Amino acid sequence: MTKHIEVEKLVRTHLRNLKPYSSARDEYYGKVGVFLDANENSIGSVVDGDFNRYPDPGQRDLKEELAKIKGLEPNQIFIGNGSDEAIDLLFRIFCEPNREHVMIMPPTYGMYKVAADINNVNTVPVPLTDDYQLDTEEVISSLRPGTKLVFICSPNNPTGNLMKQSSIEQILKHAPGLVVVDEAYIDFAPGQGLIPLLEAYQNLVILQTFSKAWGMANLRIGMAFAHPEIIEWFNKVKPPYNVNGISQELALAAAKKLDRKAEMETAILEQRAWLKSELSKLTTVEKIYPSHTNFLLAKFPNPNQLYNQLVEEGIIVRNRSKVTLCEGCLRITVGTKEENETLLEALKNLSNQ
Ligand SMILES: *Cc1c(COP(=O)(O)O)cnc(C)c1O
């Protein structure tokens with residue numbers, strides 16, 4: 001291991017002796033038996049379907065399947081109620097309110113700062129460079145002993161690009177706390193992401209999600225991959241039944257349909273390429289940034305007006321034009337062929353007005 005850390009020393013002091021809640025399903029987790037231990041309704045559910053039993057708090061079947069797919073051990077995997085739960089838990093486990101801080105690299109995903117604000121933890125922003133890469137030197141020289149978490153989003157939302165692995169590794173080497181790499185969009189990017197680096201860096205936490213390439217945003221399933229000691233802390237602090245059984249079941253079914261996932265990814269990447277080339281033909285489009293995601297960041301001379309006009313046509317994109325370094329930009333999710341045609345048609349008509 002290139003970098004070894006003492007996880008317990010990073011954990012908030014009041015948690016170090018925490019005695020976690022032990023649920024009925026923690027204490028006995030066989031699947032057959034007469035279950036009279038959890039005060040469930042033994043008759044059944046009011047609505048059609050079997051919803052009367054608590055779900056597996058350890059999500060063991062799903063973790064086992066994901067471990068195979070990701071080349072990890074189940075004890076390196078945390079499953080949350082969306083990635084948002086993993087982000088919130090990182091604050092609750094590792095950051096002392098008011099005293100410690102986290103580093104973020106704007107423009108980036110808004111939840112890191114919101115989660116910091118909710119947990120009363122300061123954020124130190126180190127903006128990306130003009131070409132949307134990490135300002136590695138500035139990041140490293142801004143690290144302090146109280147920098148508990150460094151959030152890196154790669155591919156980044158809303159800019160769409162991957163961060164250089166060499167920069168991330170330098171930051172991993174220097175950071176006094178954990179480095180959290182959010183790979184929500186990694187399935188749309190070339191290469192396999194940073195999971196292989198978990199071997200070398202015990203301070204690396206990787207976030208992924210079922211919300212994007214898997215097409216299951218409604219089910220709220222996020223994943224964190226990290227050293228087993230870190231995952232153990234997630235498990236101690238999370239609510240016992242944090243992922244409902246329906247979501248676990250459907251995620252497990254999805255995990256066994258990798259061919260379908262690959263098909264959808266191919267279709268989305270095709271549409272991304274086509275949409276980009278069509279957009280670039282329009283005079284209203286100033287610039288389209290390279291994307292390793294399922295969205296395009298595009299720059300327009302009149303983004304606010306255009307945004308409103310599109311809304312009037314019933315087409316909703318994300319207005320990012322007030323975000324530093326994204327001035328003039330709209331973020332456009334790659335839709336189906338028909339949706340993309342509708343968007344292009346509307347843009348053509350608007351530019352002819
Ligand atoms: C969409 C997205 C997520 C997904 O969050 P969930 O809570 O898992 O739906 C995470 N990170 C980034 C950067 C995203 O854009």
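Atoms within each ligand, like the ligands themselves, are counted from 1 in listed order. Being a predicted model, the structure only gives us computed values, none of them experimental.
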Under 3.5 Å donor-acceptor pairs involving side-chain atoms of residues 106-113, not counting sequence neighbours:
from	atom 1	to	atom 2	distance (Å)
Thr108	OG1	Asn156	OD1	2.8
Tyr109	OH	Asp84	OD1	3.2
Tyr112	OH	Asp182	OD2	2.7
Lys113	NZ	Asp117	OD1	3.1
Lys113	NZ	Asp117	OD2	2.8

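With atom 14 (C) of ligand 1 as the reference point, the heavy atom nearest to it among Arg220, Lys212, Glu183, Glu85 is part of Lys212. Nearest residue to atom 8 (O) of ligand 1 from Thr209, Thr108, Asn156, Asn81 is Thr209 (criterion: closest heavy atom).
Proximity of Tyr185 to ligand 1 is established by a heavy-atom distance of less than 4.0 Å. The shortest separation from a heavy atom of Cys153 to ligand 1 is under 4.0 Å, placing the residue in contact.
Between Phe295 and Tyr185, the distance from one ring center to the other falls under 6.0 angstrom.
Salt bridge Glu265/Lys261: present, at least one basic N to carboxylate O contact under 4.0 Å. The pair Glu341-Lys337 counts as a salt bridge, with a side-chain nitrogen and a carboxylate oxygen less than 4.0 angstrom apart. Lys31 and Asp56 are not joined by a salt bridge, as no carboxylate oxygen comes within less than 4.0 angstrom of a charged side-chain nitrogen.
Here is the list of ligand 1 atoms found below 4.0 Å of a heavy atom in Ser211: 6 (P), 8 (O), 9 (O). Ligand 1 places these atoms under 4.0 Å from at least one heavy atom of Gly82: 7 (O), 8 (O).
Within the 4.0 Å heavy-atom criterion, both parts of Asp84, backbone and side chain, lie near ligand 1.
In this view, Phe94 satisfies the ring-ring contact (aromatic ring centres under 6.0 Å, His included) rule with no residue, not counting sequence neighbours.
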